[in-house]
Undergrad: 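One structure, as structure tokens, below. Some questions next.
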Amino acid sequence: MSGTNARTRAVTAVTNYKPNSETLDYNKTPNNEIFGTNVFGSAAMRDRLPKAVYKKVIKTIENGEKLDESVADIVAAAMQDWAIDKGATHYAHVFYPLTGLTAEKHDSFFGPDGQGNAITEFSGKQLIQGEPDASSFPSGGIRATFEARGYTAWDVTSPAYIMENPNGTTLCIPTAFVSWTGEALDKKTPVLRSMQALNTQAQRITTLFGHPDLPPIKASGGPEQEYFLIDRNFFFARPDLINAGRTLFGASPPKGQEFDDHYFGAIPERVLACMLDTERELYKLGVPVKTRHNEVAPGQYEIAPVYEDANVATDHQQLVMITLKRVAQKYGMECLLHEKPFAGINGSGKHLNWSLGNSVVGNLLEPGATPHDNAQFLVFCSAVIRAVHKFSPLLRAVIAHAGNDHRLGANEAPPAIISVFLGEQLADVFEKIGKTGTAKSSKKAGTMHIGVDTLPPLPRDAGDRNRTSPFAFTGNKFEFRALGSAQSIAGPLVALNTIISESLDYAATELEKATKGDPKKLNKAVEKLVQKIIKEHGAIIFNGDGYSEAWHKEAEKRGLPNNRTTPDALPAISDPEVVKAFSKYKVLSKRELVAREEIYTEQYAGVVNVEAILTLRIARTIIFPASVRYQNELAQTCTNLKANGIAFDTKTLDKITGLVKGLQDSMNDLEKAMGHHAKNLKAEARHACDKVLPAMLAVREVADELEVYVADDLWPLPTYQEMLFIK
């Protein structure tokens, strides 16, 4: 008997891999010379636009002023000329529907002139507005199937860019996507609305501190992206990876990550070549990528940018994911962005670094050397604490999806309990204020002497970091650490911007009432406000081990919710308090929020359904036949030996027979669970979570045990030790 040879071919192809892309010549074109070259940003606009038009566009970008529509034709002509000079034949309105992916509609610059020739056409109207079909994207009932009209609207604050292809280039224009009724069908529109709300409320606080009429205060974002790279030969030999993005089967390899030898280890040559090429492509697109390194699990890596304007950071994050996958293919690899592509080892997340400020007041979450004296910082920081406590179920909901459920709270990611880590210094300051209304000192940063003469003294921070916290203060920003690696950062950004707008509104109102325009009363008013916030919302602050069972018990005592699964978490999106806040600041209406809850619930149930079908199909058509072949080989061997009077130990045959029976039974149970028909989407998602996923896991447990018994030459699927360790 012989099994499938797809796995053998894959291993052979990987071990014989030779680069198929040209070596990049960094001496010919250094990275600093290519940064932003494919972006129609400030430099390109300054070169190509009349000075008066350029100034109007920059005012819109930097100051949030309404775009003068009279300049649209001039900008469109300059943008077209720039793009054609770079080889573009088409332009695309790029938008971000509620699938969480990037969508684009391409149109040609060229049209017939009626005389047998082609002329270029790209007007201001075409730049400003497009019309993709709105009925073919998730809308949560906002658009019926027969109601097709939707609009894309040019977002002038996010620069247009050129996307290169081996056969040409395309001008890509970031846009918002709304329905004919003006409701948001995308991720970008609420980001822009929430940033507008955040600016309005933050300006009220800074005005109290003597900074009126500031340029817009903007949220900034810096998402750290984790991902896996495996050879594409392995990828195409695994139907589960192709269709679900994660392995639904796979026994643990003899060696995993238990030696901690992969994290920050030397980057394999092929992987590093891919990273360098990826970074170069991102530099062209103006994405300020900064960091790369090996992550904890074998085959896992990270890329991180410098943080920037949150709206631009959101668009850039989509480009990072697209570019990672595209460039990986050049090097014969597949980039896996799923949160848990491999069971039993570290999953992949996305850490969103968030802050707010502008060029005049700087970073408003910068505590300085003496945070106890920094009243403005204390107001903004305490407002964040209040927002996270009051709306923690919402923050859990916006990072809830099927993939992320596999990693949250699994000793590799923060728990599903939302809490705030402040560090020793700030925790001490806020604790003192909470108790007495004031803090007269702060724990100081220091100097670390390592004890080696040749090594310099190192500045030592006033507090440590906490990797188990889902929402951690990290010096001058908060790091939302619970995002999934495959998700857009837009949803978490919208939530943060909106709930902090609500909290800043509350703080500004309290301070305005207390001071009544008298700046001399401000310090006392701040002390009273911060003390009140800490007394009412300090339960959210936790500096300890988020993985410990003790914290779970303590969190329950504090009244902090622990929504472990996506069906538990998603209802918070349409909670009355959430609807009230989002409606008040005109970020999302009740109908838009309810639509999103429905879409995400449907997506969860859909993902589990696809995975269940795959589990059943792979188990029945690939794993079961291979196991039966091995069972038959053992049975034939036993029969032949007995016929010749030779004793044969049947323990292995008995084990295989029991596992094959167990595989059949578990497949039947899964099929039965999949036959359930729920009365509504929420019930369907609940059933998928409580019944289908456990039934899938039962099939997997038997199959994974079979993997370590069935003869290696018969096992059909590439194994974990092959996919993770053969580069």
Side-chain angles (χ1 to χ4, degrees), residues 10 96-103 138 223 225-250 274 278 295 297-303 317-318 320-329 332-350 399-408 410 412-413 483-489 491 565-566 599-600 602-619 622 685 688-689 692-693 696-697 699-700 703-704 717-720 722-724:
Y96 311 96
L98 294 172
T99 58
L101 303 175
T102 301
Q225 175 74 60
E226 296 173 348
Y227 60 97
F228 281 82
L229 289 173
I230 66 167
D231 190 277
R232 296 197 93 203
N233 292 284
F234 292 141
F235 175 77
F236 288 121
R238 295 281 316 212
D240 45 3
L241 282 177
I242 294 172
N243 292 279
R246 74 178 181 105
T247 54
L248 300 171
F249 300 96
C274 177
T278 299
E295 253 300 331
Q300 187 185 35
Y301 310 95
E302 181 176 300
I303 183 172
Q317 176 59 32
Q318 297 296 114
V320 166
M321 292 191 287
I322 290 169
T323 306
L324 279 169
K325 294 187 78 69
R326 180 168 55 86
V327 175
Q329 293 178 16
M333 292 186 289
E334 188 69 26
C335 176
L336 305 178
L337 293 173
H338 193 283
E339 287 72 25
K340 197 70 173 178
F342 302 100
I345 62 172
N346 202 63
S348 294
K350 186 177 291 179
I399 48 100
H401 52 92
N404 218 16
D405 278 4
H406 293 293
R407 61 180 282 274
L408 287 179
E412 64 191 53
L483 281 68
S485 56
Q487 77 173 117
S488 166
I489 65 171
T565 69
T566 294
I599 289 165
Y600 301 148
E602 184 177 20
Q603 287 173 348
Y604 175 85
V607 166
V608 176
N609 183 58
V610 167
E611 291 183 350
I613 294 170
L614 272 168
T615 298
L616 199 57
R617 192 165 295 177
I618 293 170
I622 298 177
C689 181
V692 177
L693 281 173
M696 287 168 53
L697 183 59
V699 176
R700 176 178 188 147
D704 289 357
L717 298 172
T719 65
Y720 273 27
E722 292 161 352
M723 290 186 287
L724 293 171

Undergrad: Which residues pass the salt bridge (charged side-chain N to carboxylate O under 4.0 Å, His left out) test with Glu722, not counting sequence neighbours?
TA: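 Here the qualifying residues are Arg7.
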Undergrad: Might you point out which heavy atoms bring Thr566 and Ala402 nearest each other, and give the distance in Å?
TA: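 Looking at all heavy atoms of both residues, the shortest contact is OG1-N, 4.0 Å.
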Undergrad: Taking only residues two or more places apart in sequence or in another chain, which ones pass salt bridge (charged side-chain N to carboxylate O under 4.0 Å, His left out) with Glu611?
TA: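 Counting only residues at least two positions away or on another chain, Glu611 forms a salt bridge (charged side-chain N to carboxylate O under 4.0 Å, His left out) with Arg246.
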Undergrad: Ser485 and side chain to side chain contact (heavy atoms under 4.5 Å, CB included): which partner among Met321, Glu302, Gln225?
TA: Gln225
Undergrad: One pair to check against side-chain contact (heavy atoms from CB on, under 4.5 Å): His338 and Ser348. What are the steps and the verdict?
TA: CA-CA 7 Å; His338 193 283; Ser348 294; over 6 Å; no
Undergrad: Please state whether the rings of Phe342 and Tyr720 are parallel, tilted or perpendicular, taking 30° and 60° as the class boundaries.
TA: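 Ring orientation, 0 to 90° scale: perpendicular.
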Undergrad: Keeping the roles fixed (side chain from Glu334, backbone from Ala328), state whether a donor-acceptor pair exists under 3.5 Å.
TA: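 No, Glu334 side chain to Ala328 backbone: no donor-acceptor pair under 3.5 Å.
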Undergrad: Considering non-hydrogen atoms only, spot the tightest contact between Gln603 and Thr99 and give its length.
TA: NE2-CA, 3.7 Å
Undergrad: Which pair of non-hydrogen atoms, one from Val692 and one from Ala612, has the smallest distance, and what is that distance?
TA: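 So the minimum-distance heavy-atom pair works out to CG1-CB, 3.6 Å.
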Undergrad: May I ask you to decide if Gly250's main-chain N or O and Arg700's side chain share a donor-acceptor pair within less than 3.5 Å?
TA: yes
Undergrad: Looking at Arg617, I want to see if its CZ is surrounded by more than 12 non-hydrogen atoms of other residues, nucleotides or ligands under 6.0 Å.
TA: no
Undergrad: Would you confirm whether Lys340, through its side chain, and Arg407, through its main-chain N or O, come within 3.5 Å as a donor-acceptor pair?
TA: no
Undergrad: What I'd like to find out is whether the side chain of Ser488 reaches to under 4.5 Å of the side chain of Gln318, using heavy atoms alone.
TA: yes
Undergrad: Within this structure, what is the NZ-CD1 distance for the pair Lys350 and Ile399, rounded to the nearest 0.5 Å?
TA: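 Reported to 0.5 Å precision, the distance equals 13.0 Å.
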Undergrad: Has the side chain of Arg238 got a donor or acceptor atom that lies under 3.5 Å from a matching backbone atom of Thr247?
TA: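 Here the side-chain-to-backbone pair does not exist.
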Undergrad: Hey, does Leu336 have a side-chain heavy atom less than 4.5 Å from the side chain of Phe235?
TA: yes
Undergrad: Treating Glu226 as the side-chain partner and Gly349 as the backbone partner, does any N or O pair qualify as donor plus acceptor under 3.5 Å?
TA: yes
Undergrad: Work out which heavy atom in Phe249 is nearest to a heavy atom in Ala619; give both atom names and the distance.
TA: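 Shortest heavy-atom contact: CZ-CB, 4.0 Å.
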Undergrad: Can you check whether Ala605's main-chain N or O pairs, donor with acceptor, with Asn609's side chain at less than 3.5 Å?
TA: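 Side chain of Asn609 to backbone of Ala605: no pair is present.
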Undergrad: Taking C-beta and beyond as the side chain, do Cys274 and Val327 meet within less than 4.5 Å on heavy atoms?
TA: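 They are in side-chain contact.
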Undergrad: Counting distance only, does the side-chain N/O of Glu339 pair as donor-acceptor with the main-chain N or O of Ala486 below 3.5 Å?
TA: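 Checked: pair present.
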Undergrad: Would you please test Leu693 and Thr565 for side-chain contact (heavy atoms from CB on, under 4.5 Å) and show each step?
TA: CA-CA 12 Å; Leu693 281 173; Thr565 69; over 6 Å; no
Undergrad: Please report the interatomic distance OG1(Thr719) to CG(Asp704), rounded to the nearest 0.5 Å.
TA: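 Here the rounded value is 11.5 Å.
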Undergrad: Kindly compute the distance separating CG (Leu98) from CD (Glu602), expressed to the nearest 0.5 Å.
TA: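 One gets 11.5 Å once the value is rounded to the nearest 0.5 Å.
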Undergrad: With the side chain counted from C-beta on, respond yes when Phe228 and Ile345 share a heavy-atom pair under 4.5 Å apart, and no when they do not.
TA: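 Yes, their side chains come closer than 4.5 Å.
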Undergrad: Working note: His401 + Val607, criterion side-chain contact (heavy atoms from CB on, under 4.5 Å); need CA distance, chi angles, decisive distance, verdict.
TA: CA-CA 9 Å; His401 52 92; Val607 166; over 6 Å; no
Undergrad: Tell me the closest heavy-atom pair linking Ala688 and Tyr604, and the distance in Å.
TA: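 Reported closest heavy-atom pair: CB-CE2, 4.3 Å.
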Undergrad: Do you know the tightest heavy-atom contact between Pro239 and Ile618?
TA: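 So the two residues come closest at CB-CD1, 4.1 Å.
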Undergrad: Got a second to check how far Gln300's CD is from Asn346's CG, nearest 0.5 Å?
TA: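 Separation between the atoms: 4.5 Å.
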Undergrad: State the CG-CG distance between Leu483 and Asn404, to the nearest 0.5 angstrom.
TA: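 Separation between the atoms: 7.5 Å.
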Undergrad: Step by step, work out the side-chain contact (heavy atoms from CB on, under 4.5 Å) result for Leu616 and Val699.
TA: CA-CA 8 Å; Leu616 199 57; Val699 176; 5.8 Å; no
